[in-house]
Amino acid sequence: MRDMVAQVMDRVVPFVGALPEQRMHTMTGGKKLARWLREPLPEDGAPFDKLLTMLFSRVFPATLNTASPGYLAYIPGGGLFHAAVADLVTLSINRYVGLFAAAPGLVQLESNVITWFATMAGMPETTGGLLTTGGSMANLTALVTARRERLPPDFLRGMIYTSTEAHHSVRKAALIAGFPEGNVREIATDDHFRMIPAALEAAIAEDRAAGKAPFFLAAAAGTTNTGAVDDLATLARLAEREHLWFHVDAAYGGFFLLTERGRALLKGIERADSITLDPHKSLFLPYGTGCLLVRDRESLRRAHAVAGAYMPPMQTEDDLVDFCEIGPELSRDSRGLRVWLPLKMHGAKVFRAELDEKLDLARYAVEALRAIPDVEIAAEPELSLLAFRVRRPGLGEAEIDALTRRVIAAVNLRQRVFLTGAVVKGRYLIRMCILSFRTHKERVDMAIEDIGAAVAGC
Ligand SMILES: *Cc1c(COP(=O)(O)O)cnc(C)c1O
C-alpha cells in the first residue's frame, strides 16, 4: 500500500505542480488515442509502474486542462487536493454510509456538511438534504420530490417554470421525471438575463386557464451563460402566492453565500423549498460533488422511501438520517469526508477570502476588457462570470458573430487561458468565468493580454 501511494505521489506532485505551465488543451489525436486504448479484459496482471507510466504519458496529457489556473471556460472547478486525500481514506476503509446504523459517525459528518450549507443559505432547522454526484442529480431529485409532494399520481398536467437562460439539466430532469417537453415553460429574461416576473405570472395564468397545474419554479442563482442571478426575493413571493415549489439552482453561484456581496445578491434564497449547490464548482472540490438542500426534509423521505424485506429498520428519530431513504441511491460513495476535511482544515474564512478574490478579479477583468477597443461587454459580472463580444463599425450581426468566434479561437490557440462561448438571445458571446482557487490576478492579466492581441489580430 505504501509503495503504491508513494509511486503515485512521485507522479502526482510534479503533475499538479506543473499545472500552470501545462498546455490548456491537447485535443488532437484524441480519437486515435481512444481506439489505441481498446483491449479485451486482461487475463494476466501488469506491473503498477508500467500502468502509471502509460496513464501519465499517454492518457492524462491528451485532455482539456480543467484544473489549470487558465481554465476560465464553462464553470471551472479546481479540485482541492485535500478532497483527494479524503477520498483515499474513505475508499480505503470502504464503510457503508447508505444506512445510519452501519456508520453513524461517518453519516453524521456528512449530515454536518448538509447543516453547514443549510445554515449558510439561511434555511430553517427543518432542512435536510444529501450530497449528490452533481447539480444535475440535485435538480432531478428536487423535481421528483416536488412532483410527489405537489401533484397527484397522474401528474401530466403539472407545469414547470424556468427561464430561457436556465441550465439544460432542468429540462433534462423534467424529461427523466416523465413530463412531456411542453410542460417546461421557459420564461423570457430582461436585459440582464434575469427571469421577468411579470412574464412568469402571465404564463402561470395562461396555464391555469388551460386547465394545467403549475407546481414548480426553478430560479437561477448564477446562470451558466452569463452568471445572471434571478431576483430571488420577488420570485419567492410569487411562488408562495401561486403555491409553486420554489427551487433555486445555485450550482454555480451558491457558495458565494459565504461572502457578503454574494449574500446580498442571493437575497431570497432562504425562502426556497429546495436549493441545488455544486461543491465541485464554487467550493473548489473535485468533480462528482453536488448537493441538494430541501426545506422540509421529511418531503425527501416521502418521495423516496420504499421498503425492502432484507433491509434493517430505519432511524425514526427526527435528527438522524438514513441516506438510502431520502434519495435514489442505496449503495453510494461516502461523499462526506471530501467536503468535511477541506472545510475543517481551512475553516470557512479561507473559502470566503478565495471567493471574494474571484469577485474582485471579475470586476478587474471587466474594466480591463472595456479598455480594449472593439470589445463590447454583454454581461457585467454579478458574481465572477462575465460575457463580451467583439464588434467593428459597419459589420452586420452575422459578421460580428464570426469575428467574435475568430477571437475566441485565437485566444485559445495561445494556450495560456481557455475560454468558451455561448449563443445568448441570438448573439454569440465569449464568456469568462473566474472560479478556480488557482486563478489569480497574474492569470487574468494573461487573459486580458491574449484577448487584446487576438482582437487586434482578427
Ligand atoms: C453546472 C450546472 C448544473 C449542472 O451541474 P452538474 O454538476 O454539471 O451536473 C446545473 N445548473 C447550473 C446553473 C450549473 O452551472
For W245 and T145, the nearest pair of non-hydrogen atoms, with its separation, is CH2-CG2, 4.0 Å
Pair T289-R338, side-chain donor/acceptor within less than 3.5 Å:
yes
Does CZ belonging to R208 count more than 12 external heavy atoms closer than 6.0 Å?
yes
Carboxylate-amine/guanidinium contact R185 D207, below 4.0 Å:
yes
Any side-chain heavy atom of V366 sitting closer than 4.5 Å to one from I377?
yes
Can you give me the closest heavy-atom contact between A362 and L383, atom names plus distance?
CB-O, 3.8 Å
Output yes when a side-chain donor or acceptor of R335 lies under 3.5 Å from a complementary backbone atom of L131, and no otherwise.
yes
Cut-off 3.5 Å, side chains only: do S384 and Y252 have a donor facing an acceptor?
yes
I need the L80 CG to S436 OG distance, nearest 0.5 Å.
8.5 Å
Counting only heavy atoms not in R148, do more than 12 fall under 6.0 Å of its CZ?
no
Which heavy-atom pair separates R416 from R443 by the least distance, and what is that distance?
O-NH1, 2.7 Å
Please check: side-chain N/O of H280 versus main-chain N/O of L285, any donor-acceptor pairing under 3.5 Å?
no
Could you walk me through whether V144 and L140 pass the side-chain contact (heavy atoms from CB on, under 4.5 Å) test, one step at a time?
CA-CA 6 Å; V144 166; L140 173 62; 4.0 Å; yes
Could you tell me whether E201 and R241 make a salt bridge, using a distance below 4.0 angstrom between a side-chain N and a carboxylate O?
yes
Are R389 and E397 within salt-bridge range, i.e. N to O under 4.0 Å?
yes
Is it the case that the side chain of D322 and the backbone of Q315 share a donor-acceptor pair, with hydrogens and angles ignored and the cut-off at 3.5 Å?
yes
Using a 6.0 Å cut-off, check whether atom CD of E260 has over 12 heavy atoms from anything other than its own residue.
no
I want to know whether F179 and F155 have ring centres closer than 6.0 Å.
yes
Under a plain distance cut-off of 3.5 Å, with no hydrogens placed, do T420 and R431 share a side-chain donor-acceptor pair?
yes
Side chain proximity check, P342 to F351, heavy atoms < 4.5 angstrom:
yes
Nearest-0.5 Å distance, OG1 of residue T404 to CD of residue E376:
9.0 Å
Separation between CG (L337) and CZ (R95), nearest 0.5 Å, reads 12.5 Å
Could you tell me the separation between the CG atom of L217 and the CD atom of E240, rounded to the nearest 0.5 Å?
12.5 Å
Under 3.5 Å, side chain of D249 to main-chain N/O of A219, donor-acceptor pair present?
no
Counting N and O atoms only, with roles assigned by atom type, does the side chain of N183 sit under 3.5 Å from a partner on the main chain of M159, one being a donor and the other an acceptor?
no
Give me the ring orientation class for F15 and F60: parallel if the planes are under 30° apart, tilted from 30 to 60°, perpendicular past 60°.
perpendicular
Side-chain touch Y161/I204, heavy atoms, less than 4.5 angstrom:
yes
Give a yes or no on whether M54 atom CE has more than 12 heavy-atom contacts from other residues, nucleotides or ligands under 6.0 Å away.
yes
With the side chain counted from C-beta on, respond yes when L19 and R438 share a heavy-atom pair under 4.5 Å apart, and no when they do not.
yes
Counting only heavy atoms from other residues, nucleotides and ligands, does the tally under 6.0 Å from CD of E125 exceed 12?
no
Closest heavy-atom pair and its distance - C291, P279
N-CD, 4.0 Å
V16 side chain reached by F81 side chain, heavy atoms, under 4.5 Å:
no
Is a side-chain N or O of R147 found less than 3.5 angstrom from the main chain of A177, in a donor-acceptor match?
yes
Distance only, no hydrogens: is a donor on one side chain within 3.5 Å (strictly under) of an acceptor on the other, for E357 and H440?
yes
Just by modelled atom types, is the G227 backbone N or O under 3.5 Å from a matching donor or acceptor in the T223 side chain?
yes
Side chains of E165 and N225: do they bring a donor and an acceptor to under 3.5 Å?
yes
Are there more than 12 heavy atoms of other residues, nucleotides or ligands under 6.0 Å from atom CG of D319?
yes
Please determine if D318 and R297 form a salt bridge, counting it only when a charged side-chain N lies under 4.0 Å from a carboxylate O.
yes
Under 4.0 Å between a Lys/Arg side-chain N and an Asp/Glu carboxylate O for R301 and E298?
yes
Apply side-chain contact (heavy atoms from CB on, under 4.5 Å) to the pair V411 and F418, showing each step before the final yes or no.
CA-CA 7 Å; V411 170; F418 191 76; over 6 Å; no
H82 and H346 aromatic ring geometry - parallel, tilted or perpendicular at 30°/60° bounds:
perpendicular
Straight-line distance of F256 CZ to L435 CG, nearest 0.5 Å:
5.0 Å
Interatomic spacing from OG in S68 to CZ in R23 - rounded to 0.5 Å
12.5 Å
So, R194 side chain and D231 main chain: donor-acceptor pair closer than 3.5 Å or not?
no
CA sep, side-chain torsions, deciding dist, call: R171, E186, salt bridge (charged side-chain N to carboxylate O under 4.0 Å, His left out):
CA-CA 9 Å; R171 265 184 293 130; E186 296 188 341; 2.8 Å; yes
With a 4.5 Å cut-off on side-chain heavy atoms, are E110 and W340 touching?
no
Counting only N and O atoms by type, is there a donor-acceptor contact under 3.5 Å from the side chain of T90 to the main-chain atoms of A86?
yes
Could you check whether H167 and N139, counting side-chain N and O atoms only, form a donor-acceptor pair closer than 3.5 Å?
no
Should L343 and W116 be marked as a side-chain contact (heavy atoms from CB on, under 4.5 Å) after you check the CA-CA gap, both sets of side-chain angles, and the distance that decides it?
CA-CA 10 Å; L343 284 169; W116 293 344; 3.7 Å; yes
Between H192 and D190, does any side-chain donor sit less than 3.5 Å from a side-chain acceptor?
no
For the residue pair F117 and F255, is the inter-centroid distance of their aromatic rings smaller than 6.0 Å?
yes
Do D296 and S299 pair up side chain to side chain, a donor and an acceptor below 3.5 Å, judged on atom types alone?
no
I'd like to know whether M314 forms a side-chain contact (heavy atoms from CB on, under 4.5 Å) with L99, so could you lay out the CA-CA distance, the side-chain angles of the two residues, the decisive distance to 0.1 Å, and finally the verdict.
CA-CA 8 Å; M314 299 289 150; L99 289 162; 3.6 Å; yes
Evaluate the side-chain proximity of F216 to L143: yes if any heavy-atom separation is below 4.5 Å, no if none is.
yes
What are the two closest non-hydrogen atoms of A220 and L232, and how far apart are they?
O-CD2, 4.1 Å
Could you check whether any side-chain heavy atom of F246 comes within less than 4.5 Å of a side-chain heavy atom of I269, counting everything from C-beta outward?
no
Strictly below 4.0 Å, N to O, side chains only: are E206 and K212 in salt-bridge contact?
no
Determine whether a donor-acceptor pair (N or O, by modelled atom type, separation under 3.5 Å) exists between the side chain of K425 and the backbone of T189.
yes
In this structure, are over 12 heavy atoms from other groups packed under 6.0 Å from Y428 atom OH?
yes
If you look at every heavy atom in A166 and T162, which pair is closest and at what distance?
CB-OG1, 3.0 Å
